[in-house]
Number of protein chains: 2
Amino acid sequence: MSQPIADHPFTPHDHQQCIDQAMARAEALCRRQRARLTPLRRRVLELLWQSHRPVGAYELLEQLRTGSRAAPPTVYRALDFLQRVGLAHRLASLNAYTGCCYPGESHAGQFLICRSCQASSELSSAGVSRSIRQATAAAGFSVEQQTVEIHGLCSRCRED
Amino acid sequence: MSQPIADHPFTPHDHQQCIDQAMARAEALCRRQRARLTPLRRRVLELLWQSHRPVGAYELLEQLRTGSRAAPPTVYRALDFLQRVGLAHRLASLNAYTGCCYPGESHAGQFLICRSCQASSELSSAGVSRSIRQATAAAGFSVEQQTVEIHGLCSRCRED
DNA sequence: AACAAAATGTTATAGTGTTACATATCACAG
DNA sequence: CTGTGATATGTAACACTATAACATTTTGTT
Ligand SMILES: [Zn+2]
Ligand SMILES: [Zn+2]
Ligand SMILES: [Zn+2]
Ligand SMILES: [Zn+2]
């Protein structure tokens, strides 16, 4: 498994590098999958990567509207595409969306979400996945999709 | 930790016993906490325990309406109360609510949700909690609330 | 150039949850 | 009891999130 795009999103870092890497890997992934990263879809992905804070669909819509007009289906379709090819996730506990840190790699969506700075960090913890598989196997349950969203305080916000 | 109300909700069982036990433990818990389990709140809790399928707020509203009238705030307030005292949970990935199987005991909400029969089972897996704490501690993150919702197929639905 | 498939625009509507304020019920002190 | 403040419920309007249905444009291919 290669390096995640943002390994420590809660600590100060060169975020432009996150953005550049995310867009570069998105390009590559879409080329490989023959998926069309159109200007609109690219724009939405860029908006998602503006920060590590998950963004609501209507907030994206606002930002898209500067210049062109746009209605809800526009942004929802772009988000559907990004989720389908594995470039973004939806966070059910926030009704918000975020760029994927492991594009093109099979992984379960596991997220840490700071209630103070609102940033989120995508984990891909084998230990968590394993313990979930163990707990579910004991019940004879076969896992198809997992929603793991941990709310709390990130290291940086705890200092204050 | 005492026995959960429904240990194996996916397998055939005497569900009336689930209901009776849930209501009895709710009474006891509210007495202990000096919380008021009013007729309305009790009714909503009974509706939640009609089956092991999580129920949407507007679906509860429909059922409340047989007889008395009711508007959204009525059911949302009852659900808020039930969640506050620890008698119910909200499942973010479903926008639905379900009765708690471990009332009065400190536990993280972890759920298995079958896409075929729609039933859900509340886990309280120490292993899952531990691996989450480990993974988050490594990042210096302090957990306050966890959303763990595992979608898949239950043992019974896998047989078919 | 002609055509089919994919993407986007547009309007309306469905589904989920909250705000604000009025009314009713309850608990408790006097 | 009875008044009084706190808690719970009724009611109407509204905010936020997401989708359906259909028209139009763009793209890739023959
Ligand atoms: Zn970054
Ligand atoms: Zn991801
Ligand atoms: Zn049962
Ligand atoms: Zn519970």
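Quick note on labels: first sequence line is chain A, next is B, and so on, each numbered from 1. All of these numbers come straight from a predicted model, not from anything done at the bench.
- Rounded to an integer number of Å, the gap from CG of Asp80(A) to C1' of dT8(C) is 14 Å.
- A cation-pi contact, defined as under 6.0 Å to the ring centre and within 45° of the axis, links Arg41(B) to Phe81(B).
- Two residues are said to be in side-chain contact when any heavy atoms from C-beta on lie closer than 4.5 Å; His52(A) and His13(A) meet this criterion.
- Look at CG on Leu61(B): it is 14 Å from C1' on dT18(C), rounded to the nearest Å.
- Atom P of nucleotide dT16(C) and atom CG of Leu91(B) are separated by 13 Å, given to the nearest angstrom.
- In this structure, the CZ atom of Arg65(A) is 12 Å from the C1' atom of dG9(C), given to the nearest Å.
- Nearest heavy atoms, Gln3(A) versus Arg25(A): O-NH1, 2.9 Å.
- Of all nucleotides listed (dT8(C), dT11(C), dG17(C)), dT8(C) comes nearest to the side chain of Arg41(A).
- The 12-atom threshold is not exceeded at CD of Gln17(B), counting heavy atoms of other residues, nucleotides or ligands nearer than 6.0 Å.
- Checking the phosphate oxygens (OP1, OP2) of dA7(C), no side-chain nitrogen or oxygen of Arg77(A) falls inside 4.0 Å.
- When the nearest nucleotides of DNA chain D are assigned to Pro39(B) and Pro73(B) by heavy-atom distance, the more 5′-ward of the two goes with Pro39(B).
- Remark: side-chain polar atoms of His15(A) are paired, donor with acceptor, to backbone N or O of Trp49(A) under 3.5 angstrom.
- A distance-only check finds no donor-acceptor pair linking the side chain of Gln33(B) to the backbone of Leu29(B) [under 3.5 Å].
- Relative to the side chain of Tyr58(B), the nucleotides dA6(C), dG17(C), dT18(C) differ in distance, and dG17(C) lies closest.
- Applying the 4.0 Å criterion to OP1 and OP2 of dT8(C), one finds that Thr38(A) has a side-chain N or O inside that range.
- Nearest-nucleotide positions on DNA chain C place Arg36(A) closer to the 5' end than the other of Asn95(B) and Arg36(A).
- The nearest whole Å value for the distance from the CD atom in Glu62(B) to the P atom in dG15(C) is 11 Å.
- Regarding Phe81(A), its CZ atom lies at a distance of 9 Å from the P atom of dT8(C), rounded to whole Å.
- Residue Tyr97(B) contributes atom OH, which lies 9 Å from atom P of dT16(C) at whole-angstrom precision.
- For Arg90(B) against dG17(C), a side-chain-to-base donor-acceptor contact under 3.5 Å is absent.
- A donor-acceptor contact shorter than 3.5 Å links the side chain of Glu122(A) to the backbone of Cys101(A).
- Interface limits on DNA chain D: the 5'-most and 3'-most nucleotides within less than 4.0 Å of chain B heavy atoms are dT7(D) to dA12(D).
- Note: CZ (Arg43(A)) to C1' (dA7(C)) measures 17 Å, nearest angstrom.
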